[in-house]
Amino acid sequence: MKPGIAEVKRGQSLLRHSRHLGLESGADLALSLIFLRWELAAKPGEWGQLMQYLDTGTSPQTLSEVDLNGRFREQLGSALDARNLSDMYHVFDYLAYEIPQSEELRVELHALFETVLALKAESVSRAGQEFSTQRDAAALMARLVAGAESVLDPACGEASVLTQAVANGVTRVHGVEIEPSVARLAMMRLALAGGKARIEVRDSFQDGIHDYDVDAVVLEPPFGVDLASESRRRSGTPGADAFGPPSEQSWMHRALHSFTRPGIAVVLMPISSTYGKQGEFNLRTLHSAGHVVAVIKLPPGLLRHTGISTCIWVLSNRPTRDGSVLMIDTSPAAGRANDGGTVLEESFIADVADCVRDWRISGATPQLPEYVAKVAVERDIRAAKLLEPSSFLSSPPTDEELRPQAPVHLLSEVRLKNYKSFGPSQSVPLAPLTLIYGKNSSGKSSIIQSLLLLKQSQSGSQLVTQGAWTDAGSFATAVHRHDTMRSIDIGVSFGSPPGAVPPPLAASSALLRRVDFSFVEDEISHDLGCITGVGFGRHYAAFSSTGDHTSKDQGFSLRLDGLTALLEAAAEPGVHYPPTKKPITKASLSVVNLALKRNRKSSVLVRGRGIFPTGEMLTVLDHPESRLQGIAKTYVQRGLTLTSSVTDELSHILENMSYLGPLRQPPMRYYARSTALKQATELNVAITLFDNISEQKHISYWLKRLGIQYELDVIAVSSGASREIVGDLVAISLTDIRSGVRSSPADVGFGISQVLPILVELSARQQSIVCIEQPEIHLHPALQAEIADVLIESADPAGRGNQVIVETHSEHLILRIQRRVREGSLDPNQVAVVYVDQTPSGEATVQRLRIDSNGDFLDEWPNGFFDDRLEEIFGGM
C-alpha cells in the first residue's frame with residue numbers, strides 16, 4: 001500500500017505532536033492511537049469520554065480508571081505514564097473523525113497506520129528496522145503463498161509479510177514474536193488490515209517445535225544471530241544446535257518442520273546460504289531430500305537493514321521433485337527509487353510468483369527470460385555444488401544490468417606520506433574489522449587522525465588541521481619532521497558505498513575507487529595548496545587547486561592531457577553506470593580537442609567544493625560552430641561526471657564516519673537535544689537511545705552480556721511548559737538488576753559511562769565507518785574480550801555492515817577475535833590486524849599480521865609486543 005499525499009501529511013502531523021516522547025516511542029504511541037480510534041469507533045460515548053478526560057488534564061492514574069476494559073493500558077502501554085496529557089490530547093484530536101466504525105473508516109485508518117509505520121522505518125536506527133521486512137520482498141513472499149487459506153510466520157516482527165498475505169486473500173494468519181511490544185503492533189496492524197490473526201508472544205526457536213495447522217510458512221529470520229552459540233551460552237553447555245547448521249540456517253529447518261499439512265515454506269535468507277559451507281549443508285540436507293522447489297535471488301540493496309545479498313528459498317514439506325530446482329534472479333529487473341533504494345515492480349513480482357506456482361504445481365517451463373528464470377537439473381546442481389541462481393542463468397542484456405556491487409566494502413586502504421611520524425609512503429590495509437596495534441608514539445593514532453583530517457577538511461577550502469574532529473596543530477606541526485618543504489599526502493581506496501545515489505553516467509560501482517590528496521604550503525603566503533587525484537579502475541586524473549582560497553569560486557585546474565585521458569575513459573565500455581547508449585566516438589573526441597585548443601590554455605577549470613573538485617566546468621569552450629561547441633561541452637561534462645561521482649561517494653563515506661577518542665564524554669545528570677545537534681564527533685548517547693527504544697533494549701542486552709548488571713532506560717526530564725522553554729531534556733537511568741535500585745551513570749562508576757558510547761555507536765550506526773581509540777580503557781580484562789564480540793557484530797555484513805577501525809593495546813581483544821575465527825563464526829578475511837612500528841631513524845612502518853582459518857597468525861608479532869606478560873611469568877627463573 002503506497003500512501004497518498006493526504007496520508008503522508010496526516011502521518012507527519014501525528015509524529016510531530018508525539019516527537020517529544022522520543023522518535024520511536026512517539027511513533028509507537030501514534031500507531032496505538034490510530035488503532036484505539038478504530039476500537040472506540042463502535043462506542044462513540046467512550047471516545048467522547050476519553051477526549052474529555054484528556055482535555056481537562058486528568059492524571060494518568062485517573063485516566064487508567066476510565067471504563068475502557070483495559071484497552072487504554074494495553075494499547076498505549078508504558079507511553080501513558082509520565083507523559084504530558086495536553087500533548088496527548090492534540091494527538092488524539094487529529095483522529096477525532098465524527099464517523100462510526102465502518103469499512104470506510106477501517107480502510108482510512110489502515111492507510112494512516114501504514115504511513116506512520118513507513119515514516120518510522122525511515123527515521124529509526126537499524127535496531128528498530130529489524131522487525132520489518134522490506135515492502136517489495138514482503139510482497140513477493142506473500143504472492144508466493146497466494147492461494148493458501150492459512151499462513152504462519154514464526155518470527156513475524158511487525159507482520160509485514162502477513163499483512164501482504166491478508167491483502168492477497170489469505171483468510172487466516174498466525175504469527176509468533178518474541179518481543180511483546182512488537183507483537184502488539186503486529187496485532188493492531190493485522191486487525192486494521194482486515195485479517196483474522198492470532199499473534200503469540202514467545203521465542204519460536206527456543207521453545208521447541210510446534211506443529212501448526214496451516215497451509216504455508218513465511219519467514220525472515222533475524223540476520224547476524226548465531227543461534228547455536230546463543231543456545232550454548234544460555235544453557236552453559238558446549239552442545240551443538242539441535243539441527244546442526246550454523247546461524248540462520250537453523251531457521252530454514254524449523255520453518256520446514258513447523259506445520260502438518262502439505263504446503264510450502266518461503267524463507268528469506270542471506271545468499272551465502274546457497275554456497276560455501278552453509279550452501280553445502282543445505283545441498284546435503286534440503287536438496288538431497290527433495291525439499292527445494294525454487295531459489296530466488298533478490299537484488300542487492302533491496303533490504304536496507306543489511307548490506308548483504310539475499311535470496312528466497314521456496315521449500316516443500318512434502319518432497320516430490322526429481323532434484324530439479326527453479327532458479328530465479330530478480331536483479332536484472334530491479335529499478336531505483338527516487339531516494340536511491342532498490343525496488344521491484346508489482347507486475348514483475350506477480351510474474352515471478354506465477355512462474356514459481358506453475359513450476360511447483362505442474363512442472364511448467366518458465367515463461368520468463370533465461371537470464372531471469374531457468375530450471376537447473378540435479379546433475380548440474382551436483383556438479384556445481386551450490387544452489388546460487390545466477391550460476392545457472394545466462395548473462396542479462398547490458399542495458400538491463402542492475403548497478404554492480406562494489407569490489408570492496410567502504411575503505412580498503414589508507415596511504416600516508418610525510419604525515420606526523422610517517423615519512424616514506426606507507427599503505428595501511430583495512431577490512432570491515434581493523435585492529436591497529438603498536439607501541440606508544442609509534443604513529444598508530446595518526447592513521448585514524450588522517451581520516452578525521454579529511455572529514456573536517458571536506459567543507460573547507462584547504463586542509464583544516466584544527467577543527468571539530470581532530471587537532472593536528474598547524475601544517476608545520478603535522479608535516480613529517482616539521483619540514484614545510486614537504487607535502488602531506490593522504491590517500492584512500494574504497495568501494496562505492498551502498499547508500500550513495502549515483503548521478504546519471506557515474507563511474508560504475510564495479511570499479512575500485514581511489515582518491516589522493518597532496519597538501520603543500522606556499523613559502524610566502526603560507527596558504528595550503530591541494531592536488532586531488534581521482535581514480536576509478538585503471539583510470540586516473542589529477543586536479544590542482546587554484547585561485548583565492550577564501551572565494552566561493554575557488555576552482556581546480558585539470559591539464560588537457562588529463563582531460564583527454566578522462567574522455568578516453570568515458571568512451572570505454574563498462575566505465576559508466578548505467579551504460580550509455582551514445583558512446584563517445586573518435587570524431588567526437590576530435591571536436592572536443594579542437595574546442596580545447598581554441599581556448600589556448602593548457603588546462604580547464606572546474607569549480608571546487610572544499611578539497612574536492614566538482615563536475616561543474618568554469619572554462620568556456622570555444623568552437624566556430626555552436627552545435628559542435630555544445631557537443632564539446634557535453635562530452636567534457638561526461639568525463640568530469642566520472643570523477644565528481646567518485647569524490648561525492650568519498651564525501652558520503654566521510655560524512656557518515658564517527659569517532660570515539662580514548663576519553664569518552666564523562667557521565668552527566670541530564671542531556672539536551674540541542675547539545676546533540678551540535679555534537680560533532682559521536683552520537684549523543686542519551687538522545688539517541690531516547691529516540692530509539694529498540695536500541696535501549698539492544699544496549700541492555702549487551703550490558704548483561706558484558707556482565708554489567710544494569711537495565712538501561714532513558715526518561716524525559718522536561719515536559720509541558722518547561723519543555724517549551726528549555727527544549728527536550730532527558731536522563732539515563734540504570735536499574736540494578738540485583739537490588740532494583742535506580743541510579744544515574746554518574747553514580748555507578750566511570751567504566752560504565754565509558755562503555756556506553758561504544759555500545760551505542762556500534763549498534764545505532766549502519767553502513768558507516770566507526771573509529772575507536774582504546775576501547776579497553778577502564779575495562780577489566782574479561783570485559784575487554786566481550787567488547788570484541790560487540791565489534792564483530794557491528795562489522796558483520798549480514799547485520800549493521802559497519803567498518804570498525806580500532807586503535808588498541810588490548811591482548812584480550814585479539815584473543816577473542818582469534819577464538820571466533822577458530823570457531824568458524826568470523827571470516828578471517830573480514831579482519832585486518834595492523835602493526836605500526838618505527839625504524840631506528842624514527843619513521844613509522846606498517847605491517848599486516850595475517851590470520852588463517854584456525855585463528856592462528858601467519859606472521860610473527862614484532863619483538864617486544866605482548867612479551868611483557870611472559871617476561872613477568874618466567875623472568876628470574
With the side chain counted from C-beta on, respond yes when [X] and [Y] share a heavy-atom pair under 4.5 Å apart, and no when they do not.
X      : Y      : answer
His291 : Ser316 : no
Leu162 : Val166 : no
Val151 : His174 : no
Ser273 : Cys311 : yes
Met188 : Trp38  : no
Val314 : Val295 : no
Ser258 : Leu152 : yes
Gln766 : Asn656 : no

Report task. List the steps and the verdict of side-chain contact (heavy atoms from CB on, under 4.5 Å) for Leu298 and Leu268. Result -> CA-CA 9 Å; Leu298 298 179; Leu268 181 59; 3.3 Å; yes

Can you check whether [Y]'s main-chain N or O pairs, donor with acceptor, with [X]'s side chain at less than 3.5 Å?
X      : Y      : answer
Thr330 : Lys297 : yes
Glu177 : Gly157 : yes
Arg800 : Ser763 : yes
Asp215 : Ala148 : no
Ser150 : Arg172 : no
Gln134 : Ala137 : yes
Asp358 : Ala364 : no
Asp136 : Leu344 : yes
Ser309 : Ile271 : no
Trp359 : Val293 : yes

Residues [X] and [Y]: side-chain donor-acceptor under 3.5 angstrom:
X      : Y      : value
Glu24  : Ser694 : yes
Ser181 : Lys697 : yes
Ser331 : Asp329 : yes

Nearest 0.5 Å, what's the [atom1]-[atom2] distance between [X] and [Y]?
X      : Y      : atom1 : atom2 : result
Gln696 : Phe690 : CD    : CZ    : 9.0 Å
Leu689 : Asp713 : CG    : CG    : 9.5 Å
Leu33  : Leu109 : CG    : CG    : 11.5 Å
His257 : His253 : NE2   : NE2   : 8.0 Å
Ile349 : Leu144 : CD1   : CG    : 10.0 Å
Leu190 : Lys196 : CG    : NZ    : 14.0 Å

Identify the heavy atoms of [X] and [Y] that sit nearest to each other, and give their distance.
X      : Y      : value
Leu326 : Pro366 : CD1-CG, 3.5 Å
Ala30  : Val116 : CB-CG1, 4.3 Å
Leu368 : Cys355 : CD1-CB, 4.1 Å
Thr342 : Ala334 : CG2-CB, 3.8 Å
Val201 : Ala183 : CG2-CB, 3.6 Å
Pro221 : Met269 : CG-SD, 3.9 Å

Query raised in the report: Do Leu192 and Ile34 pass the side-chain contact (heavy atoms from CB on, under 4.5 Å) test, and can you show the C-alpha distance, the side-chain angles, and the key distance before you say yes or no?
Result: CA-CA 9 Å; Leu192 285 173; Ile34 294 170; 4.2 Å; yes

**Report entry** Candidate pair Arg261 and Val214, rule side-chain contact (heavy atoms from CB on, under 4.5 Å), full reasoning
**Finding:** CA-CA 6 Å; Arg261 295 187 193 177; Val214 295; over 6 Å; no

Query raised in the report: Checking side-chain contact (heavy atoms from CB on, under 4.5 Å) for the pair Thr133/Gln164: CA distance, chi angles, key distance, verdict?
Result: CA-CA 11 Å; Thr133 302; Gln164 294 270 10; over 6 Å; no

**Report entry** Summary of salt bridge (Lys or Arg N to Asp or Glu O under 4.0 Å) pairs that have at least one residue in residues 141-170, sequence neighbours excluded
**Finding:**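 Checked against salt bridge (Lys or Arg N to Asp or Glu O under 4.0 Å) - neighbours excluded - the pairs reaching residues 141-170 are Lys120-Glu158.
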
